[in-house]
J.: 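After the structure tokens below, expect a handful of questions from me.
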Amino acid sequence: MSVLPIVLWPDPRLGRVCDPVEGITEAIRRQAADMLETMYAAPGRGLAAPQVGILNRLFVTDFTWKEGTRDPQVYLNPEILSSGDETATMSEGCLSIPGISVEVTRPARVHLIWTSLDGARVSQVFTGFAAACVQHELDHLNGVVTFDRLSSDARAAAEAAYAA
Ligand code: ZN
């Protein structure tokens, strides 16, 4: 496994819609392992493929490792099946926008389906921090970063802070 360089905004690779993962090959397994290692080294709780310059629909998370419980998860071709009506606003950082956290409002509850590394289709409902995290990572697979979720005023302020 290896730690990969993280692509920083405004690299154009962060604005691309990523391609589906077509099969669980050795290259995909290696990519997932490298991305987990990169996420832990960063350190972060989520990392999407375009953040390491690979434009496919794969992201990894570990919501609890910073509290001492490792729970690495790999999501291939994730899709949101449904979202709750209630929203939540959380302060979100991004490994591709280091040093900047912004308030992002998203559905508080999402039902996500994805393929795991062993080929199983998995279905899970996420709430709280995990709901924000999986939506943040899925956004990356669609070429969307936190800045794209802000009002124009909030975005201008965040971009100015990032450039400073
Ligand atoms: Zn991010």
Side-chain angles (χ1 to χ4, degrees), residues 1-9 11-88 90 92-98 104-146 148-149:
M1 294 200 295
S2 36
V3 173
L4 306 171
I6 292 180
V7 170
L8 298 181
W9 190 86
D11 189 296
R13 287 172 288 181
L14 295 171
R16 295 268 306 275
V17 176
C18 296
D19 296 322
V21 173
E22 298 291 357
I24 303 169
T25 60
E26 193 50 41
I28 290 295
R29 292 179 191 285
R30 188 176 326 113
Q31 177 188 340
D34 287 348
M35 284 177 58
L36 282 165
E37 190 173 350
T38 303
M39 179 187 74
Y40 288 127
R45 297 177 195 261
L47 185 70
Q51 294 185 274
V52 292
I54 303 171
L55 299 179
N56 63 11
R57 303 187 75 78
L58 190 165
F59 69 75
V60 299
T61 65
D62 188 331
F63 307 123
T64 55
W65 74 274
K66 289 186 179 179
E67 287 72 48
T69 307
R70 278 216 179 194
D71 182 29
Q73 298 291 337
V74 177
Y75 309 72
L76 309 177
N77 301 330
E79 295 171 53
I80 291 177
L81 270 188
S82 62
S83 304
D85 292 332
E86 191 185 329
T87 60
M90 289 195 200
E92 296 186 18
C94 179
L95 295 175
S96 293
I97 313 175
V104 181
T105 300
R106 303 180 183 276
R109 177 182 179 282
V110 291
H111 184 182
L112 193 75
I113 56 170
W114 68 93
T115 301
S116 68
L117 268 187
D118 60 13
R121 202 65 176 158
V122 183
S123 165
Q124 189 177 330
V125 173
F126 293 89
T127 59
F129 172 81
C133 188
V134 296
Q135 290 175 85
H136 177 121
E137 302 310 334
L138 184 54
D139 269 356
H140 276 302
L141 305 187
N142 292 322
V144 173
V145 298
T146 52
D148 300 315
R149 294 278 182 199

J.: Are the side chains of Ile80 and Phe126 in contact, using a 4.5 Å heavy-atom criterion?
T.: no

J.: Look up atom CD1 in Ile28 and atom CG in Leu76, then write down how far apart they are to the nearest 0.5 Å.
T.: 7.0 Å

J.: Going by salt bridge (charged side-chain N to carboxylate O under 4.0 Å, His left out), name the residues that satisfy it together with Asp34, two or more places apart in sequence or in a different chain.
T.: none

J.: Can any side-chain N or O of Arg57 pair as donor or acceptor with the backbone N or O of Val21 at less than 3.5 Å?
T.: no

J.: Just so I know, are the side chains of Asp148 and Val145 near enough to count as touching, which here means a heavy-atom distance under 4.5 Å?
T.: yes

J.: Does any non-hydrogen side-chain atom of Pro50 lie less than 4.5 Å from one of Val7?
T.: no

J.: Any donor-acceptor pair under 3.5 Å linking the side chain of Gln31 with the backbone of Ala27?
T.: no

J.: Does Asp71 have any side-chain contact (heavy atoms from CB on, under 4.5 Å) partners at least two apart in sequence or in another chain, and if so, which?
T.: Asp62, Thr64, Gln73

J.: If you define the side chain from C-beta out and look only at heavy atoms, does anything of Cys94 sit under 4.5 Å from Trp9?
T.: no

J.: Minimum heavy-atom separation for Arg45 and Cys133, please, with both atom names.
T.: O-SG, 4.0 Å

J.: Contact between Ile24 and Arg29 at the side-chain level, heavy atoms closer than 4.5 Å - yes or no?
T.: yes

J.: State which residues pass side-chain contact (heavy atoms from CB on, under 4.5 Å) with Thr105; sequence neighbours excluded, sorted by chain then number.
T.: Thr87, Thr89

J.: Provide the closest heavy-atom pair for Leu36 versus Thr61 in the form atom of the first, atom of the second, distance.
T.: CD2-O, 4.3 Å

J.: Identify whether the distance between the nearest side-chain nitrogen and carboxylate oxygen of Glu92 and Arg149 falls below 4.0 Å.
T.: no

J.: Is there any side-chain hydrogen bond (donor to acceptor under 3.5 Å, both in side chains) pair reaching into residues 18-27, and which pairs are they, with sequence neighbours excluded?
T.: none

J.: Ring pair (Phe, Tyr, Trp, His ring centres under 6.0 Å) with Tyr40: which residues, sequence neighbours excluded?
T.: Trp65

J.: Can you confirm whether Glu137 sits close enough to Gln51 that some side-chain heavy atom of one is under 4.5 Å from a side-chain heavy atom of the other?
T.: yes

J.: In residues 110-117, what donor-acceptor pairs under 3.5 Å come from side-chain atoms, sequence neighbours left out?
T.:
unit_1: His111; atom_1: NE2; unit_2: Ser123; atom_2: OG; d: 2.6
unit_1: Thr115; atom_1: OG1; unit_2: Arg121; atom_2: NH1; d: 2.7
unit_1: Ser116; atom_1: OG; unit_2: Asp118; atom_2: OD1; d: 2.3
unit_1: Ser116; atom_1: OG; unit_2: Ala120; atom_2: N; d: 3.4
unit_1: Ser116; atom_1: OG; unit_2: Ala120; atom_2: O; d: 3.4

